[in-house]
Amino acid sequence: MKMVNLKIDNVNVSVPAGTSILDAAKEAGIKIPTLCYHPDMPFTASCRLCLVQIKGKRKLQPSCATPVKENMEVITNNPMIREARKTALELLLANHPMECPVCIKNNKCELQRLAQELNITDITFEKCSDMLPIDDQNPAIVREPNKCVKCGRCVEVCHEVQTVGAINTAYRSGEYNVCTAFQKPLAESECVFCGQCVNVCPVGAIYEKDDTQKVWDALNDADKFVIVQTAPAIRASLGEEFGMDPGSLVTGQMVTALRNLGFDRVFDTDFTADLTIIEEGNELLERLENNGVLPMITSCSPGWINFIEKFYPELLQHLSSCKSPQQMFGALAKTYYAQKENISPEKMFVVSVMPCTAKKYEAARPEMNSSGYRDVDVVLTTRELGRMLKE
């Protein structure tokens with residue numbers, strides 16, 4: 001592997017050829033601010049916050065998109081660079097609604113963090129926030145285009161990682177924005193509600209639909225028997241909402257917290273995951289014995305189901321006919337378990353805590369009503385459960 005030697009802020013650095021200045025600076029322990037950059041996606045160099053000065057270059061260069069060269073000398077912080085970064089950030093803030101205290105990303109917003117790090121105390125540009133409509137006409141994801149900083153992360157992950165292409169950039173100059181084709185709602189687009197755009201958005205422009213109030217209402221209804229199922233991933237991710245290291249196991253704390261919230265019963269989706277394995281195994285054996293369609297593909301992931309329905313409908317016959325573990329649990333809860341506990345399915349309220357926004361869409365599908373009632377009444381993400389516990 002060819003190595004390249006350079007200096008960053010007078011620190012000697014040796015990195016593989018093709019490395020960006022931004023990544024080389026990380027190797028040297030030097031932090032360069034970024035907003036549009038994401039390590040899992042191609043760079044777009046659109047925010048201009050990672051500008052650096054390169055000896056011999058007249059203009060500042062974006063460090064995320066500039067590869068290192070032998071004997072290059074880079075400066076990452078001086079008055080000119082700081083002023084350029086602050087100007088770029090002030091321009092973004094001038095076109096951004098200042099709703100931080102009531103924004104879903106408050107205290108987790110990258111734009112907010114950068115404003116603090118760059119010591120933005122005043123915006124010298126005239127405010128010119130957009131007044132675009134909020135898109136919340138689907139069960140899973142909300143888009144607030146007024147908060148969009150045009151970083152392009154959501155577009156990149158939708159096109160390059162998920163290969164869906166439900167959203168894209170449109171128009172030019174001051175009208176440049178991120179939208180669906182023909183400005184239609186997400187519900188009328190090719191969106192599969194996978195939620196990856198939510199994960200990469202640095203601000204509160206795209207987020208999962210908040211259904212916590214529906215759960216509070218059910219918990220406060222004396223006529224409702226409220227049960228909850230938690231996906232295996234939740235016990236290893238919920239701790240992050242409370243400052244713990246990623247992967248911290250909080251199984252016991254989680255169950256206790258759910259009971260303290262008021263849930264009548266707490267279950268683990270592991271049970272119906274095992275049931276799914278049995279049902280899909282039986283279906284596979286039946287296909288093998290009767291010359292059925294092969295290969296058979298699991299139907300557990302609702303994002304994948306949406307994807308194959310919209311992009312590869314000719315392959316639908318390869319999918320297992322089984323419901324996902326989430327939906328199997330709901331069906332069992334309102335049939336077998338309701339009979340066992342002598343509770344009317346009408347009074348049974350089933351909540352799921354899942355790591356995937358597509359689960360919200362799945363629960364709302366019209367065919368998910370084995371008992372005559374909706375199998376799963378509400379789906380919460382890990383973040384929503386974290387907000388409920390804090391509340």
Side-chain angles (χ1 to χ4, degrees), residues 138-141 193 195 208-235 237-238 251 254-279 299-303 305-306 321-389 391:
N138 68 81
I141 294 173
F193 304 109
E208 70 274 15
K209 182 168 281 190
D210 190 303
D211 291 312
T212 57
Q213 190 55 51
K214 295 177 183 177
V215 181
W216 283 123
D217 291 342
L219 291 171
N220 292 324
D221 188 341
D223 290 332
K224 295 288 186 185
F225 188 83
V226 189
I227 65 177
V228 61
Q229 60 166 320
T230 60
I234 307 305
R235 68 176 81 108
S237 56
L238 183 60
T251 311
M254 178 185 70
V255 173
T256 302
L258 289 166
R259 291 289 300 201
N260 283 336
L261 278 179
F263 286 100
D264 294 296
R265 298 289 188 273
V266 179
F267 293 98
D268 197 313
T269 314
D270 269 353
F271 168 68
T272 39
D274 290 342
L275 184 60
T276 304
I277 293 169
I278 295 170
E279 293 295 334
S299 54
C300 284
S301 167
I305 298 300
N306 292 345
S321 63
C322 295
K323 291 184 176 183
S324 71
Q326 168 182 269
Q327 296 306 128
M328 283 195 186
F329 179 90
L332 276 176
K334 293 195 177 181
T335 53
Y336 168 76
Y337 188 67
Q339 293 170 12
K340 180 180 173 65
E341 293 292 317
N342 196 27
I343 297 171
S344 169
E346 185 180 4
K347 294 185 177 182
M348 183 81 73
F349 193 89
V350 178
V351 178
S352 295
V353 186
M354 294 284 147
C356 174
T357 54
K359 291 289 185 182
K360 289 176 176 283
Y361 173 84
E362 178 187 38
R365 291 182 70 127
E367 66 268 28
M368 300 298 181
N369 58 348
S370 297
S371 64
Y373 301 93
R374 180 166 159 166
D375 293 341
V376 176
D377 295 284
V378 172
V379 178
L380 300 178
T381 62
T382 315
R383 287 181 288 258
E384 287 173 278
L385 177 57
R387 291 197 293 271
M388 284 191 73
L389 293 174
E391 186 179 346

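We use all heavy atoms of the structure for the numbers below, so side chains are in, but hydrogens, waters and symmetry mates are not.
- Between the CG atom in Leu380 and the CG atom in Leu385 there is a gap of 6.5 Å [rounded to 0.5 Å].
- For Ala358 against Gly303, the heavy-atom pair with the smallest separation is CB-N, 3.6 Å.
- Considering only heavy atoms from C-beta on, Arg365 comes within 4.5 Å of Ile305 through its side chain.
- In this structure, CE in Met354 is found 12.5 Å from CD in Glu384, a value given to the nearest 0.5 Å.
- Glu391 is linked by a salt bridge (charged side-chain N to carboxylate O under 4.0 Å, His left out) to nothing, counting only residues two or more places apart in sequence or in another chain.
- With sequence neighbours left out, Thr382 forms a side-chain contact (heavy atoms from CB on, under 4.5 Å) with Ile234, Ser237, Leu238.
- Screening residues 336-350 for side-chain hydrogen bond (donor to acceptor under 3.5 Å, both in side chains) gives Arg265-Tyr337 as the qualifying pairs, with residues at least two apart or on separate chains.
- Considering only residues two or more places apart in sequence or on other chains, Phe349 meets the ring pair (Phe, Tyr, Trp, His ring centres under 6.0 Å) condition with none of them.
- In terms of the side-chain contact (heavy atoms from CB on, under 4.5 Å) criterion, residue partners of Pro325 (sequence neighbours excluded) are, by chain and number, Thr269, Thr272, Ala273, Thr276, Cys300.
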Report task. Go through Val215 and Val228 one step at a time and tell me if the side chain to side chain contact (heavy atoms under 4.5 Å, CB included) criterion holds. Result -> CA-CA 10 Å; Val215 181; Val228 61; over 6 Å; no
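- For Phe263, the ring pair (Phe, Tyr, Trp, His ring centres under 6.0 Å) test picks out no residue, with sequence neighbours left out.
- Across Glu362, Arg374, Gln326, a single residue satisfies side chain to side chain contact (heavy atoms under 4.5 Å, CB included) together with Met368, and that is Glu362.
- Residues Val350 and Gly330 share a closest heavy-atom pair of CG1-CA, 4.4 Å.
- Taking each heavy atom of Val226 and Ala218 in turn, the nearest pair found is CG2-O, 3.5 Å.
- Remark: Asn369 pairs with no residue by the side-chain contact (heavy atoms from CB on, under 4.5 Å) rule, at least two apart or across chains.
- Taking Arg383 as the reference, Glu208 meet the side chain to side chain donor-acceptor pair (under 3.5 Å) condition, with sequence neighbours excluded.
- Contacts of Thr212 classified as side chain to side chain donor-acceptor pair (under 3.5 Å), with partners at least two apart in sequence or in another chain: Asp210.
- Partner of Ser352 under the side chain to side chain donor-acceptor pair (under 3.5 Å) criterion, out of Lys360, Gln229, Lys359: Gln229 alone.
- Put simply, the side chain of Phe271 does not reach to within 4.5 Å of the side chain of Met328, judged on heavy atoms.
- Listed by first and then second residue, the salt bridge (Lys or Arg N to Asp or Glu O under 4.0 Å) pairs involving residues 216-230 amount to none (not counting sequence neighbours).
- Counting only residues at least two apart or on different chains, the salt bridge (Lys or Arg N to Asp or Glu O under 4.0 Å) pairs with a member in residues 322-339 are Lys323-Asp375, Lys334-Asp377.
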Please tabulate, for side-chain N and O atoms in residues 254-262, each donor-acceptor pair with protein atoms closer than 3.5 Å (sequence neighbours left out).
residue: Thr256; atom: OG1; partner: Gly252; partner atom: O; Å: 3.0
residue: Arg259; atom: NH1; partner: Asp264; partner atom: O; Å: 2.6
residue: Asn260; atom: ND2; partner: Thr256; partner atom: O; Å: 3.4

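- A pairwise comparison of heavy atoms in Thr381 and Val353 identifies O-CG1, 4.1 Å as the closest pair.
- Between Asn138 and Tyr361, every side-chain heavy-atom pair lies at or beyond the 4.5 Å cut-off.
- With hydrogens and angles disregarded, no donor-acceptor distance shorter than 3.5 Å links the side chain of Ser299 to the backbone of Ser321.
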